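I have placed the structure first, in the form of structure tokens, so that the comments after it can refer back to it.
Bear in mind that the values here come from a model prediction, so they are computed numbers and not experimental data. Each chain gets a letter, A, B and so on, in the order the sequences are listed, and its residues count up from 1.
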Amino acid sequence: MDTPTDEAAARAIQDRLRTRVVLDETGPPPGTGLVTGVDVAYDDERNIVAAAAVVLDAATLAVVEEATAVGQVAFPYVPGLLAFREIPTVLAALEQLTSGPGLVVCDGYGQAHPRRFGLASHLGVLTGLPVIGVAKNPFTFTYAQPGTRRGDSSPLLADGGDVVGRALRTQESVKPVYVSVGHRVSLDNACAHTLHLASAYRLPETTRRADALCRRALREATLAVPGS
DNA sequence: GCGACAG
DNA sequence: ATCTTGTCGC
């Protein structure tokens with residue numbers, strides 16, 4: 001991924017790439033094939049970022065393959081421009097996989113984005129893979145509190161009323177997660193995948209595995225760098 | 001202009 | 001994201 005020099009350039013890239021997002025495909029059915037979780041962790045001291053990609057068997061949620069990558073942080077955190085900070089290293093991790101990733105689940109948003117081009121959509125366009133976004137926070141979007149039962153949901157709304165995703169309750173009486181479509185997956189299917197992957201905890205198993213792995217990769221990378 | 005704001 | 005102990009509960 002080309003790293004833009006400034007925020008204006010970054011927004012221009014988003015506006016150009018967003019035209020390539022595919023929203024009229026349903027995507028693979030939940031519970032079959034492979035599902036890959038990606039996540040990154042930062043070390044602000046050393047300006048290092050570690051990414052992880054964990055491939056799961058969608059039927060059993062067993063780990064099939066893991067990959068990590070470490071790099072320099074190339075872009076600051078700016079709300080709306082998160083992809084430029086995370087994607088380069090995530091791509092490096094994905095490229096090391098020997099298995100096809102299948103559906104990719106990432107932290108953050110896809111269509112739920114100021115310019116409808118969040119992390120999940122960006123990653124989808126760059127890889128061509130079906131991608132969904134499952135975020136832990138609602139960002140600036142609004143929603144009515146969904147029911148308290150697992151599977152209950154309510155539309156995630158942008159200013160102006162556009163439905164950009166869904167607040168989905170993955171566990172009884174636990175704060176919902178915020179699901180949005182990234183690329184080549186319908187919102188209904190994205191939620192079905194999320195529910196399937198979050199059968200035991202609030203967050204999808206893909207996210208939990210990737211989170212644990214990138215933190216471990218960051219620890220090990222931080223210790224290895226000093227010498228050479 | 002100021003604050004809020006995925007990770 | 002990250003800084004962070006003990007503690008309550010299955």
Side-chain angles (χ1 to χ4, degrees), chain A residues 1 3 7 10-11 13-14 17-18 21 37-54 68-93 104-125 131-143 156-160 162-168 170-183 187 190 194 199-204 206-219 221-222:
Chain A
M1 183 182 94
T3 298
E7 297 183 19
R11 293 193 190 88
I13 290 174
Q14 291 182 326
L17 293 182
R18 64 182 287 191
V21 175
V38 295
D39 193 18
V40 304
Y42 303 95
D43 180 337
D44 289 330
E45 298 287 293
R46 300 179 180 284
N47 223 41
I48 289 175
V49 52
V54 180
T68 61
V70 177
Q72 296 294 310
V73 177
F75 204 83
Y77 171 66
V78 179
L81 301 180
L82 179 64
F84 296 99
R85 184 171 168 81
E86 308 210 334
I87 286 190
T89 318
V90 167
L91 286 177
V104 176
V105 181
C106 52
D107 278 25
Y109 291 124
Q111 291 298 289
H113 178 274
R115 286 169 296 285
R116 303 294 179 272
F117 196 69
L119 179 59
S121 296
H122 203 143
L123 185 61
V125 166
V131 183
I132 67 172
V134 180
K136 299 182 288 294
N137 297 292
F139 199 27
T140 58
F141 304 102
T142 59
Y143 62 99
L156 192 61
L157 308 172
D159 295 334
D162 281 7
V163 174
V164 295
R166 210 171 278 170
L168 175 66
T170 55
Q171 293 292 316
E172 172 98 30
S173 300
V174 167
K175 176 183 172 173
V177 295
Y178 308 91
V179 180
S180 64
V181 166
H183 184 60
L187 183 54
T194 302
S199 56
Y201 299 95
R202 175 187 177 229
L203 297 178
T206 38
T207 299
R208 292 167 43 77
R209 294 279 190 176
D211 181 70
L213 181 57
C214 68
R215 289 187 196 228
R216 180 156 65 78
L218 184 63
R219 280 201 310 272
T222 301

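Using a 4.0 Å heavy-atom criterion, one finds that Ala41(A) contacts the sugar-phosphate atoms exclusively. The residue Tyr42(A) sits close only to the backbone: its heavy atoms come under 4.0 Å of sugar-phosphate atoms, none of a base. Using a 4.0 Å heavy-atom cutoff across all strands shown, Ile87(A) reaches no nucleic acid atom at all. Contacts of Gly80(A) with the nucleic acid, taken as non-hydrogen atoms under 4.0 Å apart, include base atoms.
Read 5' to 3', the first and last nucleotides of DNA chain B with an atom closer than 4.0 Å to a heavy atom of chain A are dC5(B) to dG7(B). Chain A approaches DNA chain C over the interval dA1(C) to dT2(C), counting the first and last nucleotide 5' to 3' with an atom under 4.0 Å from its heavy atoms.
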Given the rule that a pair is Watson-Crick or G-U wobble with both distances under 3.5 Å, how would you write DNA chain B in dot-bracket, using | for pairs to a different strand? .......

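Going from atom CZ of Phe141(A) over to atom CG of Leu156(A) covers 6.5 Å, rounded to the nearest 0.5 Å. The distance from the CG atom of Leu213(A) to the CG atom of Leu218(A) is 11.0 Å, given to the nearest 0.5 Å. Note that CG of Leu187(A) and CD1 of Ile132(A) are 9.5 Å apart. Values are rounded to the nearest 0.5 Å. Taking CG of Leu17(A) as the reference point, atom NE2 of His122(A) lies at 5.0 Å (rounded to 0.5 Å). The structure places OG1 of Thr206(A) at 10.0 Å from CG of Asp39(A), a figure rounded to the nearest 0.5 Å.
At a cut-off of 3.5 Å, with distance as the only test, a side-chain donor of Tyr42(A) or Glu86(A) sits close to an acceptor on the other residue.
Counting heavy atoms of neighbouring residues, nucleotides and ligands inside a 6.0 Å radius, atom CD of Gln72(A) exceeds 12 of them.
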Audit row: Leu123(A), Val90(A), side-chain contact (heavy atoms from CB on, under 4.5 Å) steps and yes/no: CA-CA 9 Å; Leu123(A) 185 61; Val90(A) 167; 4.1 Å; yes

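Scanning DNA chain C for stems, defined as runs of 3 or more consecutive Watson-Crick or G-U wobble pairs whose donor-acceptor distances all fall under 3.5 Å, gives no such range.
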Which pairs would a plain distance check flag for residues 107-115 of chain A, meaning a side-chain donor or acceptor within less than 3.5 Å of a matching protein atom at least two apart in sequence or in another chain?
from      : atom 1 : to        : atom 2 : distance (Å)
Asp107(A) : OD2    : Lys136(A) : NZ     : 3.3
Tyr109(A) : OH     : Asn137(A) : O      : 2.2
Gln111(A) : NE2    : Arg116(A) : O      : 3.2
Gln111(A) : NE2    : Ser121(A) : OG     : 3.1
His113(A) : ND1    : Arg115(A) : N      : 2.9
His113(A) : ND1    : Arg116(A) : N      : 3.4
His113(A) : ND1    : Phe117(A) : N      : 3.2
His113(A) : NE2    : Gly80(A)  : O      : 2.7
Arg115(A) : NE     : Gln14(A)  : OE1    : 2.9
Arg115(A) : NH2    : Gln14(A)  : OE1    : 2.8

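Tyr201(A) carries Arg208(A) over the face of its six-membered ring, with the cationic atom under 6.0 Å from the centre and within 45° of the normal.
With sequence neighbours excluded, no residue forms a salt bridge (Lys or Arg N to Asp or Glu O under 4.0 Å) with Glu172(A).
Asp162(A) places no side-chain N or O within 3.5 Å of a backbone atom of Val164(A) that could act as its donor or acceptor partner.
In this structure, Tyr178(A) has its ring center no closer than 6.0 Å to that of Phe139(A).
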